[in-house]
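Below: one structure, written as structure tokens.
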Amino acid sequence: MEGAISKQGGRLFENISSFVRQCIFSVLSVGPVPSHIAFIMDGNRRYSKKENLLDGDEHRAGFSALINMLRYCYELGVKYITVYAFSIDNFKRCPGEVESLMKLMQEKIDELIKEESIVNRLGIRIYFQGNLKLLSDPVRSAAERAMVKTASNSKAVLSVCVAYTSTHEIVHAVQESCEEKWDEIRKQDANNSVGNLIGLEENGKDKDEHLIGVTDVDRHMYMAVVPDPDIIIRTSGESRLSNFLLWQSAHCLLYSPTALWPEIELQIAKYQIAACRFHWSWSVVSDDPLDRLQYFVVDKE
Ligand SMILES: CC(C)=CCC/C(C)=C/CC/C(C)=C/COP(=O)(O)OP(=O)(O)O
């Protein structure tokens with residue numbers, strides 16, 4: 001008898017807590033859906049230690065979390081998803097780890113571009129961004145194959161940053177911008193001595209028009225194919241950017257949940273995204289409280 005009562009009590013408690021969770025989730029889920037979320041998938045090795053995984057399995061678990069997050073973001077209507085999969089600094093890790101991570105990447109890229117893969121079923125286009133020349137031939141070819149094979153998918157975009165660091169991306173974009181400007185100058189002033197800026201001034205032209213500006217650099221960023229992120233999520237409680245999207249993160253929200261990246265199963269993905277969306281919504285909707293209220297009411301309908 002006592003057992004039956006405590007069982008019933010337990011069930012009642014479960015129902016109430018599930019109802020409260022649902023309410024919290026509904027409150028968190030109002031407001032606009034971000035167009036672009038970027039992820040620093042941090043904490044794979046810590047997870048592996050915690051769960052006593054075999055060497056190499058830490059990033060395999062990380063890849064499963066990526067698929068969960070991808071699926072949920074797609075369901076929610078987030079059009080652009082970007083992940084920091086391997087930085088240029090990561091090449092300094094022990095050779096065994098770099099080799100096993102590269103092998104995993106090659107294997108998973110090939111899996112991703114199969115006809116029946118989640119990427120093709122959902123119509124997701126994949127870009128690999130970074131200094132791809134630093135990758136081994138098989139990994140680079142797999143990345144290029146993936147970009148070609150998914151080029152006609154148009155429902156969402158997954159950008160995978162590999163052999164990537166933001167400072168390298170910025171230097172690369174500035175160099176490309178300079179080269180483009182020099183080409184323009186050479187074309188415009190074919191009769192003058194090539195690239196002689198003093199000569200151009202003597203011809204009465206505005207010197208400033210030959211300087212490179214923000215929009216020039218912007219256009220030459222690897223990430224120029226997608227809009228800037230609204231939110232960067234770095235798991236494992238770290239709140240540093242670690243050379244990721246420095247140029248593109250000028251106005252974005254950095255969110256640092258304590259969960260380790262491989263712990264992101266579907267349910268956790270749902271709650272983490274809802275929580276950071278809530279923070280973000282309040283920062284993008286007007287400062288006027290009445291405007292905000294109106295926005296959320298309209299959005300809910
Ligand atoms: C095809 C494809 C997109 C594959 C992605 C595979 C994947 C999940 C890569 C992440 C690698 C990485 C350096 C994670 C950071 O955790 P960490 O190793 O720094 O862990 P720690 O912070 O606990 O040390």
Side-chain angles (χ1 to χ4, degrees), residues 18 21-22 24-26 28-44 47 51 57-86 101 104-129 142-143 145-147 149-162 225-227 229-236 253 255-281:
S18 145
R21 267 204 311 273
Q22 202 48 51
I24 295 175
F25 186 69
S26 305
L28 291 176
S29 303
V30 294
V33 172
S35 137
H36 183 176
I37 306 184
F39 296 93
I40 302 179
M41 308 185 282
D42 202 14
N44 290 356
Y47 176 80
E51 299 293 325
D57 280 355
E58 64 276 35
H59 300 306
R60 208 167 272 283
F63 181 79
S64 305
L66 167 60
I67 297 300
N68 289 336
M69 199 47 108
L70 193 60
R71 191 173 285 142
Y72 182 62
C73 285
Y74 180 87
E75 228 174 75
L76 191 65
V78 178
K79 173 111 200 223
Y80 304 96
I81 298 124
T82 297
V83 292
Y84 202 5
F86 197 82
L101 184 48
L104 175 77
M105 263 195 212
Q106 194 189 332
E107 172 197 323
K108 293 298 177 190
I109 296 170
D110 284 334
E111 235 174 79
L112 280 179
I113 54 180
K114 284 190 180 144
E115 207 59 48
E116 69 284 3
S117 76
I118 176 175
V119 159
N120 284 320
R121 272 187 285 124
L122 301 182
I124 300 175
R125 179 173 191 169
I126 305 183
Y127 285 107
F128 282 85
Q129 306 292 13
R145 247 190 336 270
M147 289 194 273
K149 282 214 160 182
T150 61
S152 57
N153 291 350
S154 59
K155 298 258 174 63
V157 174
L158 169 67
S159 304
V160 182
C161 296
V162 276
V225 290
V226 295
D230 300 302
I231 302 172
I232 293 181
I233 298 182
R234 180 171 187 159
T235 48
S236 84
L253 175 91
Y255 184 74
S256 320
T258 50
L260 303 173
W261 178 256
E263 288 170 344
I264 305 283
E265 13 122 328
L266 206 55
Q267 198 60 9
I268 296 185
K270 223 167 140 173
Y271 278 91
Q272 294 298 354
I273 296 285
C276 75
R277 227 182 109 193
F278 187 72
H279 283 282
W280 174 77
S281 304

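- For the atom pair Tyr255 OH and Arg277 CZ, the distance stands at 13.0 Å (nearest 0.5 Å).
- Two residues are said to be in side-chain contact when any heavy atoms from C-beta on lie closer than 4.5 Å; Val160 and Gln129 fail this criterion.
- Within the model, atoms SG of Cys161 and CE of Met41 stand 9.5 Å from one another, a figure rounded to the nearest 0.5 Å.
- Side chains of Lys114 and Asn120 form no contact here, defined as non-hydrogen atoms less than 4.5 Å apart.
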Practice item. Step by step, work out the side chain to side chain donor-acceptor pair (under 3.5 Å) result for Asn44 and His59. Key: CA-CA 6 Å; Asn44 290 356; His59 300 306; 3.0 Å; yes

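- Side-chain contact check for Asn68 versus Leu70: every heavy-atom pair is 4.5 Å or farther apart.
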Point to revise | Derivation of the side chain to side chain contact (heavy atoms under 4.5 Å, CB included) call for Val226 and His36 | key: CA-CA 8 Å; Val226 295; His36 183 176; 3.7 Å; yes

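- Side-chain contact between Ile273 and Tyr72 is present, with heavy atoms from C-beta onward closer than 4.5 Å.
- When all heavy atoms of Ala259 and Gln272 are compared, the closest pair comes out as CB-NE2, 4.3 Å.
- Note: Phe63 CZ to Asp57 CG = 14.0 Å, rounded to the nearest 0.5 Å.
- Atom CD1 of Ile268 and atom CE of Met69 lie 9.5 Å apart (nearest 0.5 Å).
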Point to revise | Pair Asn153-Val119, side chain to side chain contact (heavy atoms under 4.5 Å, CB included): steps then yes or no | key: CA-CA 9 Å; Asn153 291 350; Val119 159; 4.2 Å; yes

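- The two residues Ile231 and Ile233 come nearest to each other via the heavy atoms CG2-CG1, 3.8 Å.
- Considering every non-hydrogen atom in both Asp110 and Ala142, the closest pair reads OD1-CB, 4.2 Å.
- You'll find the ring centres of Phe39 and Trp261 inside the 6.0 Å limit.
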Exercise for review: Show the numbers, then the answer: is there a side chain to side chain contact (heavy atoms under 4.5 Å, CB included) between Thr235 and Leu260?
Suggested key: CA-CA 6 Å; Thr235 48; Leu260 303 173; over 6 Å; no

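- At least one side-chain heavy atom of Tyr127 sits under 4.5 Å from a side-chain heavy atom of Val157.
- By the side-chain hydrogen bond (donor to acceptor under 3.5 Å, both in side chains) test, Ser159 pairs with no residue at all, sequence neighbours left out.
- In this structure the side chain of Leu158 never reaches within 4.5 angstrom of the side chain of Leu122, judged on heavy atoms.
- Residues Tyr47 and Glu58 are not in side-chain contact: their nearest non-hydrogen atoms beyond the backbone lie 4.5 Å or more apart.
- Checking side-chain atoms of Arg234 against main-chain N and O of Ile40 turns up no donor-acceptor pair under 3.5 Å.
- The line from CD1 of Ile109 to CD1 of Ile126 is 8.0 Å long, rounded to the nearest 0.5 Å.
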Point to revise | side chain to side chain contact (heavy atoms under 4.5 Å, CB included) evaluation trace for Trp280 with Asp230 | key: CA-CA 8 Å; Trp280 174 77; Asp230 300 302; 3.4 Å; yes

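- The two residues Cys276 and Leu253 make their nearest non-hydrogen contact at O-CD2, 3.8 Å.
- Every residue meeting the side-chain hydrogen bond (donor to acceptor under 3.5 Å, both in side chains) condition with Glu107, not counting sequence neighbours, appears here in chain and number order: Arg60.
- Applying the 6.0 Å contact sphere to NZ of Lys149 captures no more than 12 heavy atoms from other residues, nucleotides or ligands.
- Considering only heavy atoms from C-beta on, Pro262 stays 4.5 Å or farther from Ser64 through its side chain.
- For Thr82 (side chain) and Ala38 (main-chain N/O), no donor-acceptor pair under 3.5 Å exists by modelled atom type.
- Residues forming a side-chain hydrogen bond (donor to acceptor under 3.5 Å, both in side chains) with Gln106 (at least two apart in sequence, or on another chain): none.
- In this structure, NZ on Lys155 lies 10.0 Å from CD1 on Ile124, to the nearest 0.5 angstrom.
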